[in-house]
Amino acid sequence: MAENRPNDDLDARIASAKAAGQARGSGPLPQGKGYGQGSKVLALLLGALFGGGIMGWALDQWLGTSPWALLIVLTLAIIGAFLNIMKISKERPE
């Protein structure tokens with residue numbers, strides 16, 4: 001059976017744990033530049049796919065050229081995203 005400790009002992013242990021946590025700075029860890037670069041690459045790829053797809057589809061509907069405008073605009077958007085990703089990859093993380 002577990003031993004019943006008085007509340008003041010528990011309060012003292014909680015206070016000492018809080019003090020130890022504050023002493024070692026238990027806050028959120030700073031995000032490195034690599035995390036930011038990865039987020040930027042993901043946003044570029046998703047933006048190119050969705051943006052190019054929507055713009056190509058809209059042009060196809062407007063001009064009646066289905067599926068050629070979609071394919072051309074989507075291809076150009078993906079090429080542009082990869083060029084930007086290559087530029088990002090040349091940056092050195094801190």
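Being a predicted model, the structure only gives us computed values, none of them experimental.
Other residues sharing a hydrophobic cluster with Ile72 under the 4.5 Å side-chain heavy-atom criterion for ILVMFWY residues are Leu76.
Counting only residues at least two apart or on different chains, no side chain to side chain donor-acceptor pair (under 3.5 Å) pair has a member in residues 66-88. Identified under the side chain to side chain donor-acceptor pair (under 3.5 Å) test for residues 41-51, with sequence neighbours left out: none.
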Can you give each donor-acceptor pair under 3.5 Å made by side-chain atoms of residues 38-58, sequence neighbours left out, with the distance rounded to 0.1 Å?
from: Ser39; atom 1: OG; to: Tyr35; atom 2: O; distance (Å): 3.1

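A search for side chain to side chain donor-acceptor pair (under 3.5 Å) contacts involving Thr65 returns Asp60, not counting sequence neighbours.
Note that the CD atom of Gln61 and the CG atom of Leu70 stand 10.0 Å from one another [nearest 0.5 Å]. Note that CG of Leu83 and CD1 of Ile78 are 12.0 Å apart. Values are rounded to the nearest 0.5 Å.
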